[in-house]
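Here is the structure we will look at.
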Amino acid sequence: DPLAARLKLLRNALQQREREQKETEASEEPERPADAGEPAGGGLQGWEQVGELTYRRVFSFENPLAGEPLSEHLVPRGLSAGDLLFFDTETTGLSGGAGTVAFLVALGRLAGERLEVEQLFLADYPGEPEFLRSLAPALGSAGQLVSYNGRTFDAPLLAGRFALNRLSLQTRGHSDLLYWARRLWKRALGDCSLGSIEREVLGLERGQDVAGWEVPGIYLDYLRRGWSPRLPLVWEHNLQDVRSLAVLFARLNAALGGGELPGRADLASLGSWLLKSGGEQRGLELLRLSFEEGDERAGRALGLHLKRAGRWDEAAQVWRRLVADRRSLFAAVELAKQAEHRLRDPLEALEWVRQVAGWGLPLEPRSRRELAARRARLERLASRPAERRTQAPK
DNA sequence: GCCGATGTCTGCATGAAATC
DNA sequence: GATTTCATGCAGACATCGGC
């Protein structure tokens, strides 16, 4: 059983780490430099102690969803805004193995006009079981988790921590906004990190912040020295991540429901996705809009969809425009196929293929081969007597 | 370094239709 | 009836990316 094997590995690694920690503790007094600042726990003003080493604080913001109905593309039918749980974790690293611990978690819930964000902070490793027990009710009762890359990073990491501590965790649905962000803004932005989406799409600016890669070091510094002056920045970073997550969710939700998409969104990509996912009306709307704005990919997707739906004339209109405006090889070949197989007119098909040759496009070897084969076949057909041309051979 | 979702590319199977 | 040709859809391989 691969899962059992992995858990065994994780347990062994954890036991090894605990042994090393005990040896270190036995061999030396903890170093406490003069400039270490406040002792452990001493800098936690504003936090409520809810366990021996677990602290909690709560913030309230304006609800970015503001009563909008939820899109079924983002959240399963039947769930309401109150069932969502936005979450983000800060951890001691990226590896995801037994050595990586989540020490800070932000949980955001929508309640009426407000977005309530609860943060839980683990002040030292031995408190992990109680820290996880504090998290479990919220994670377990949420109808839908919402995260940024949490499906790959945060959720498996927490699941591993619960398993290692012999605690159970049952969660339900999970909506990961990273995949939406890539679908929509990858073409325009390239980089789809949450920070880039905040700046370029949501128009949010953070004040003083820490980079993600700095977080483990700051926490380890805090554990080693009893305090780190940069720890509050980590708390703030975590808080802002969940707040941005809720804002991004609200903007996506509005766009899927028919509203405007922020930033230079890839409407062709979203339209194609919607067509495959049962959102035909909105999908076609977005593809047409994007095609009007000059996106060739939107035209290709639109034409193919119309062709599959048997709307040949509408498909041909799209392809003719692609040929006229963009010299699209794809559209010319589609027109040739339609002429040969549907209109039974190999002469017209040949005309489309010859037109492409006349453009002198730099073609990939494969495309060049295919085009040449099509042309040769159509020339054979076209050279036959007219009465033998009406039924194109296959 | 890990992992899951996604997009792209390629090869293959299938079915339909025409040809020999 | 066997063979050929074409369009289409699917599966698998592979690369990319973001989280701390």
Side-chain angles (χ1 to χ4, degrees), chain A residues 2-3 6 9-10 13 87-106 145-161 174-187 189-198 209-220 233-234 237-238 241-242 244-245 248 266 268-270 272-273 276-277 297 300-301 304-305 307-308 330 333-334 336-342 344 346 349 353 364-367 369-371 373-378 380-381 384 388-394:
Chain A
L3 184 62
R6 180 146 189 237
L9 274 174
L10 290 170
F87 85 108
D88 180 54
T89 63
E90 306 306 324
T91 74
T92 56
L94 267 182
S95 69
T100 302
V101 172
F103 65 86
L104 178 65
V105 178
L145 300 175
V146 184
S147 68
Y148 204 81
N149 200 27
R151 211 188 265 259
T152 308
F153 181 72
D154 306 65
L157 185 121
L158 284 175
R161 299 316 304 174
H174 191 160
S175 178
D176 192 330
L177 302 193
L178 167 65
Y179 306 116
W180 283 98
R182 282 197 183 140
R183 189 173 291 139
L184 284 164
W185 296 291
K186 178 74 188 166
R187 276 186 89 206
L189 302 182
D191 167 21
C192 283
S193 63
L194 184 57
S196 294
I197 297 293
E198 271 181 21
D209 193 22
V210 289
W213 61 266
E214 295 179 285
V215 169
I218 294 172
Y219 184 65
L220 294 176
L233 292 177
V234 175
H237 173 87
N238 174 246
D241 274 356
V242 158
S244 297
L245 196 57
L248 176 59
D266 185 348
S269 170
L270 179 59
S272 299
W273 185 85
K276 279 186 281 184
S277 310
R297 287 159 61 250
R300 289 174 62 149
L304 277 179
H305 182 78
K307 173 182 157 183
R308 283 174 190 143
F330 173 82
V333 169
E334 284 299 323
K337 282 182 194 172
Q338 196 178 131
E340 181 187 352
H341 299 291
R342 199 174 75 87
R344 310 287 191 198
V353 174
E364 296 286 321
R366 181 180 159 136
S367 302
R369 275 198 310 275
E370 285 174 359
L371 194 69
R374 187 177 298 278
R375 181 172 180 168
R377 185 169 48 77
L378 287 169
R380 269 201 316 275
L381 270 176
R384 294 179 179 185
R388 292 195 61 205
R389 259 190 248 139
T390 50
Q391 292 280 307
K394 293 261 170 164

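Order of the sequence lines fixes the chain letters, A, B, ..., with proteins taken first and strands second; residue numbering starts at 1 for each chain.
- Checked against ring-ring contact (aromatic ring centres under 6.0 Å, His included), A:W273 has the following partners two or more places apart in sequence or in another chain: A:H73, A:W180.
- A:L177 has its CG atom 15 Å from the P atom of B:dA5, to the nearest Å.
- A:L184 is not listed as a side-chain neighbour of A:D266, based on a closest heavy-atom distance of 4.5 Å or more.
- Closest to the side chain of A:L194, out of C:dG18, C:dG19, B:dA5, is C:dG19.
- In the model, A:D191 has a side-chain atom that pairs as donor or acceptor with a side-chain atom of A:S196 under 3.5 Å.
- Atom CZ of A:R300 and atom P of B:dG7 are 15 Å apart (whole Å).
- Between A:R308 and A:L304, some side-chain heavy-atom pair lies under the 4.5 Å cut-off.
- Of the residues near DNA chain C, A:R182 and A:D241, the one whose nearest nucleotide (by heavy atom distance) lies more toward the 5' end is A:R182.
- Between A:R374 and C:dA7 there is a side-chain N or O to OP1 or OP2 distance below 4.0 Å.
- Counting any heavy atom pair closer than 4.0 Å across all strands shown, A:N238 reaches no nucleic acid atom.
- One atom, CH2 of A:W213, and another, P of C:dG18, lie 18 Å apart when rounded to the nearest Å.
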Nucleotide by nucleotide, nucleotides 8-15 of chain C touches protein heavy atoms under 4.0 Å in the pattern (B base, S sugar-phosphate only, - none) SS------
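- If you check every strand for non-hydrogen atoms under 4.0 Å, A:D191 touches sugar and phosphate atoms only.
- Whole-Å rounding puts the A:D209 CG to C:dC20 C1' distance at 13 Å.
- The shortest distance between side-chain heavy atoms of A:F153 and A:L94 falls below 4.5 Å.
- At the heavy-atom level, A:T89 lies under 4.0 Å from the strands shown only through sugar-phosphate atoms.
- Checking C:dC20, C:dG18, B:dT6 against every side-chain atom of A:Y179, the shortest atom distance belongs to B:dT6.
- A donor-acceptor contact shorter than 3.5 Å is absent between the side chain of A:R182 and the backbone of A:C192.
- At a threshold of 4.0 angstrom between heavy atoms, the contacts of A:D88 are confined to the sugar-phosphate backbone, with no base atom among them.
- Within the 4.5 Å cutoff, side-chain heavy atoms of A:F87 are placed close to those of A:L145.
- Taking atom CD of A:E214 as the reference point, atom P of C:dG19 lies 14 Å away to the nearest angstrom.
- Taking a pair as Watson-Crick or G-U with both hydrogen-bonding distances under 3.5 Å, the stems of three or more pairs touching DNA chain C are B:2-20 with C:1-19.
- Proximity of A:R183 to the phosphate of B:dT6: a side-chain N or O atom is located under 4.0 Å from OP1 or OP2.
- For the atom pair OG (A:S269) and CZ (A:R297), the distance works out to 6.0 Å, reported to the nearest 0.5 Å.
- By the 4.5 Å heavy-atom criterion applied to side chains, A:R374 and A:K337 are counted as neighbours.
- At a threshold of 4.0 angstrom between heavy atoms, the contacts of A:G195 with the nucleic acid are absent.
- A:W180 places its CH2 atom 18 Å from the C1' atom of C:dG18, with the value rounded to the nearest Å.
- For the pair A:H341 and B:dA17, the criterion of a side-chain N or O lying under 4.0 Å from OP1 or OP2 is not met.
- The line from CD of A:E214 to NE2 of A:H237 is 9.5 Å long, rounded to the nearest 0.5 Å.
- Contact between the side-chain N/O atoms of A:R151 and the OP1/OP2 oxygens of B:dA5 is found at a separation under 4.0 Å.
- Side-chain proximity of A:S269 to B:dG7, B:dG4, C:dG19: nearest is B:dG7.
- With rounding to whole Å, A:R187 atom CZ is found 10 Å from B:dT8 atom P.
- For the pair A:N149 CG and B:dC2 C1', the computed distance is 11 Å after rounding to whole Å.
- Between A:Y148 and A:L248, the closest side-chain pair of non-hydrogen atoms falls below 4.5 Å.
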